[in-house]
Amino acid sequence: MSPHAKRRLAEAARLLAIAVAVFIAMLPLLWVVLASFKTAADVSQLPPRLLFSPTLENYQRVLDAGFANFFRNSVVITLAAVALSVVLGVPAAYGFSRLRVPAARPLLLFVLSIRFVPYIVFAVPLFVILANLRLVGTHGALVVVYILINLPLVVWLMKSFFDDVPTDIDDAAAVDGANRFQTFALVVLPSAAAGVACVTILSFIFTWNEYLLALVLSGRAAQTLPVVLTRFLGGMEDPVRWGLLSASSVVVLAPVVIVTLLVHRYVRAGFGGSA
Amino acid sequence: MTRRAASHPQPPRAPHRGARRSALHWRDTALFIGPTLLALAVVAVLPTLWAIFSSLFDWHFHRPDARSFVGIDNYLRLARDPRFLNAAWVTTIYTTVSVSATLVFGTLLALLTKAPFPGKGLVRALLTVPMIMTPVVSTLVWKTFFFEADLGLINWVLGFAGIEGPAWVASSPSALITILVVNIWFMTPFVYLVMDAALEGLPTDVIDAAKIDGAGYWRRVRFVILPMLRATIVFTVIFRITIDARMFEIIHVMTGGGPARDTEVLTLWVYNAALRGFHLGYGNAGGVVLMLLVGSACLAIMLVGLRDLYQRTGTT
């Protein structure tokens, strides 16, 4: 075989391998989206029916089951939690990047180390403490607790974004008479806007998807979608319920998948930089 | 462990030392950083201290008045508790296999997609999807549609090869395989994204030089590219260990720890002991051990990795 043909063969093999990887990565999502539009008779058929008359009855049943309420829980808790972490974490990241902080490195390592602690270690004490305060099952409790997941990420990622902004513009602002807060809010922050988008999106994904803390702390009143999904769909071994399972899954997935595909650039920047 | 450090290992940067910045303005510093530190002290430090404190007591959630100080008895009991030791073993296997597999697959994918090809941007976006999908949902989909014994995709495909697939989730050792498969599928994109970003940051001239010197593709990967990625690999392994060691939802949803505690990892053990059995002291002792195990594994890898990092910065 000529070197030329060999190179073309290698290239074909490479593209095939990539195609297989994409197929495996996407298969669960494609499968569940298709299944959500199938009737009970179609949903468990193998080989899978690719051509079928789609139905919206599964989504109707999801609505009838009161999913809108839980969807609202998830939206409220996630948005509040993300806002709280960004509002707290972005100024802190600026401080670590620009101000002289006593013991800055140990403090940064402390912030980072929180990401290394298994959440269950926090979950048990938080449950006992919040139960004693009668706060289990409130939206506020979950919003505050989600600081654990988001704040360390926001601080570390934003610090690296601020570090990339030249300090010359701080100096220029100071010469123009801006105080420290004005320099941060009006000069440096706009230059690091991509970073804010990045940490906001990552925090959104992590919070929306979170299960353990929500399971332990949400009680009945503040259940978020992942918890509802496992509690309310007991007995989904029964293929009759697979359509309902699929439709509710798609409802849970839609926000994160859509956000990720729309602004993939930021997701990539965030995860690529998170290690 | 910033973006900078991940792609280009460098010595720690000196803090900014402009004349104006060097002055410590307590008020500014407190305003910018204080709220974050306070918040983390309340939601992270307080619970951790409480977990350690309670682990020294015989403490039942519903009988708080009957708690009694037992010192390190809970820890001694753990060392003899077969269910706990089993959980520690399952966690070790689960983490080791999953971290290794995702590291190999993620790095291979990053290498495969390095050279340009049509649709590269889209492929990169699609390869991210498993990681951002709600893990509870992905697990339910795998469990229901793929691993189901009679109507699942996997056993149907195996049927063509004349293989009668097991009742995946309900039998041993296939249950452990199911949670590994889902976790590897879930976390390979993470390694892929990190490696992909790191590959982009590599200096091309070195790789080109090796190519001109006649090094074939795999030799370039093995002796030029991978050595340059060492720092990234070390940090990735540390992150991956912490993620797997705290994994709860995939296992809770897929197997609930069964069959016969085959898949009961430490997080699930703590959950069962402290929040199902309500033995707060004993359960938290297990949690503290888990935290120490994760911490020491990371520290060990960090020490090896840092030594490596300093050697590298010394030579470049």
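Hydrogens, waters and symmetry mates play no part in the numbers below; they use all other heavy atoms, side chains included. In what follows, every chain begins at residue 1, and chains take the letters A, B, ... in the order their sequences are listed. Since we're looking at a predicted model, the values are computed, not measured.
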Discussion item. Can you tell me which portion of Phe122(A) sits under 4.5 Å from chain B's heavy atoms? Options are side chain, backbone, both or neither.
Written reply: both
Worksheet item: Do Ser97(A) side-chain atoms and Ala93(A) backbone N/O form a donor-acceptor pair below 3.5 Å?
Response: no
Discussion item. So for Ser248(A), is it side chain, backbone, both, or neither that comes closer than 4.5 Å to the heavy atoms of chain B?
Written reply: neither
Worksheet item: Out of Val124(A), Val155(A), Val256(A), which one racks up the most heavy-atom pairs below 4.5 Å with chain B?
Response: Val124(A)
Practice prompt. Please state whether the side chain, the backbone, both or neither of Phe184(A) comes within less than 4.5 Å of a heavy atom of chain B.
Written response: side chain
Worksheet entry | chain B contacts, top residue of Val145(A), Val227(A), Ile114(A), Ile18(A) (heavy-atom pairs, under 4.5 Å) | Ile18(A)
Practice prompt. Give, as side chain, backbone, both or neither, the part of Tyr94(A) having an atom under 4.5 angstrom from any heavy atom of chain B.
Written response: side chain
Worksheet item: Looking at Ser44(A), Pro125(A), Ala35(A), which makes the most heavy-atom pairs under 4.5 Å with chain B?
Response: Pro125(A)
Discussion item. Tell me if a side-chain donor or acceptor on Glu210(A) pairs with a main-chain N or O of Leu213(A) at a distance below 3.5 Å.
Written reply: yes
Worksheet entry | Structural part of Leu29(A) lying under 4.5 Å from a heavy atom of chain B | both
Practice prompt. Locate the shortest heavy-atom distance separating Cys198(A) from Leu157(A); write the atom from each residue and the value.
Written response: SG-CD2, 4.2 Å
Worksheet item: Pro28(A), Pro226(A), Ala104(A), Pro118(A): which one forms the most heavy-atom pairs within less than 4.5 Å of chain B?
Response: Pro28(A)
Worksheet item: At a heavy-atom separation under 4.5 Å, does Leu46(A) approach chain B through its side chain, its backbone, both, or neither?
Response: both
Worksheet item: With a 4.5 angstrom heavy-atom cut-off, which part of Leu84(A) approaches chain B: side chain, backbone, both or neither?
Response: neither
Worksheet item: Is it the side chain or the backbone of Ala123(A) that comes within 4.5 Å of chain B heavy atoms, both, or neither?
Response: neither
Discussion item. Among Gly95(A), Pro91(A), Ala19(A), which residue has the highest count of heavy-atom pairs closer than 4.5 Å to chain B?
Written reply: Pro91(A)
Item to complete: Show your reasoning for whether side chain to side chain contact (heavy atoms under 4.5 Å, CB included) applies to Trp31(A) and Phe146(B).
Response: CA-CA 10 Å; Trp31(A) 198 283; Phe146(B) 299 164; 3.7 Å; yes
Worksheet item: If you count heavy-atom pairs under 4.5 Å between each of Leu275(B), Leu126(B), Ile132(B) and chain A, which one has the most?
Response: Ile132(B)
Item to complete: Indicate yes or no: does Arg124(B) engage Glu200(B) in a salt bridge with an N to O separation below 4.0 Å.
Response: yes
Discussion item. Donor-acceptor pair, distance only, cut-off 3.5 Å: does the side chain of His25(B) make one with the backbone of Arg27(B)?
Written reply: no
Discussion item. Taking the six-membered ring for Trp, are Tyr211(A) and His252(B) closer than 6.0 Å centroid to centroid?
Written reply: yes
Response to the item:
Looking only at Trp26(B), Phe32(B), Phe61(B), Trp185(B), the option with the highest number of non-hydrogen pairs under 4.5 Å against chain A is Phe32(B)
Practice prompt. Check whether the ring centres of Tyr282(B) and Trp269(B) lie less than 6.0 Å apart, and answer yes or no.
Written response: yes
Worksheet item: Run the side chain to side chain contact (heavy atoms under 4.5 Å, CB included) check on Leu103(B) and Met195(B) step by step: do they pass?
Response: CA-CA 9 Å; Leu103(B) 194 67; Met195(B) 289 299 168; 4.2 Å; yes
Discussion item. Give me the atom names and distance for the closest heavy-atom approach of Leu290(B) to Thr267(B).
Written reply: CD2-CG2, 3.9 Å
Practice prompt. Output yes when a side-chain donor or acceptor of Trp208(A) lies under 3.5 Å from a complementary backbone atom of Val252(A), and no otherwise.
Written response: yes
Practice prompt. Verify the ring-centre separation between Phe239(B) and Phe116(A): is it less than 6.0 angstrom?
Written response: yes
Taking only distance into account, with no hydrogens and no angle test, what donor-acceptor pairs under 3.5 Å do side-chain atoms of residues 42-54 of chain B form with protein atoms, sequence neighbours excluded?
unit_1   : atom_1 : unit_2    : atom_2 : d
Thr48(B) : OG1    : Ala44(B)  : O      : 2.6
Ser54(B) : OG     : Trp50(B)  : O      : 3.1
Ser54(B) : OG     : Ala51(B)  : O      : 3.1
Ser54(B) : OG     : Asn284(B) : ND2    : 2.8

Discussion item. Please evaluate residues Trp242(A) and Phe145(B) with respect to the criterion ring pair (Phe, Tyr, Trp, His ring centres under 6.0 Å), reporting the C-alpha separation (whole Å), side-chain torsions for both, the decisive distance (0.1 Å), and the verdict.
Written reply: CA-CA 9 Å; Trp242(A) 284 7; Phe145(B) 292 113; 5.2 Å; yes
Discussion item. Taking side chain as everything from C-beta outward and backbone as N, CA, C, O, which of these in Ser249(A) sits under 4.5 Å from a heavy atom of chain B? Side chain, backbone, both or neither.
Written reply: both
Worksheet item: With respect to chain A, which residue among Leu153(B), Ile241(B), Val123(B), Leu268(B) yields the maximal number of heavy-atom pairs within a distance under 4.5 Å?
Response: Leu153(B)
Worksheet item: So which of Leu122(B), Ile243(B), Thr128(B) has the largest heavy-atom pair count under 4.5 angstrom toward chain A?
Response: Thr128(B)
Item to complete: Output yes when Asp170(A) and Arg180(A) qualify as a salt bridge under the 4.0 Å nitrogen-oxygen rule, no when they do not.
Response: yes
Fill in: Residues Arg268(A) and Asp196(B) bridged, charged N to O under 4.0 Å
yes
Worksheet item: Looking at Leu108(B), Val141(B), Leu31(B), Thr36(B), which makes the most heavy-atom pairs under 4.5 Å with chain A?
Response: Thr36(B)
Discussion item. Tell me which of these, Thr242(B), Asp28(B), Thr139(B), Thr134(B), has more heavy-atom pairs under 4.5 Å with chain A than the rest.
Written reply: Thr134(B)
Worksheet item: Taking only heavy atoms into account, what residues of residues 291-298 of chain B are found under 4.5 Å from chain A?
Response: Met291(B), Val294(B)
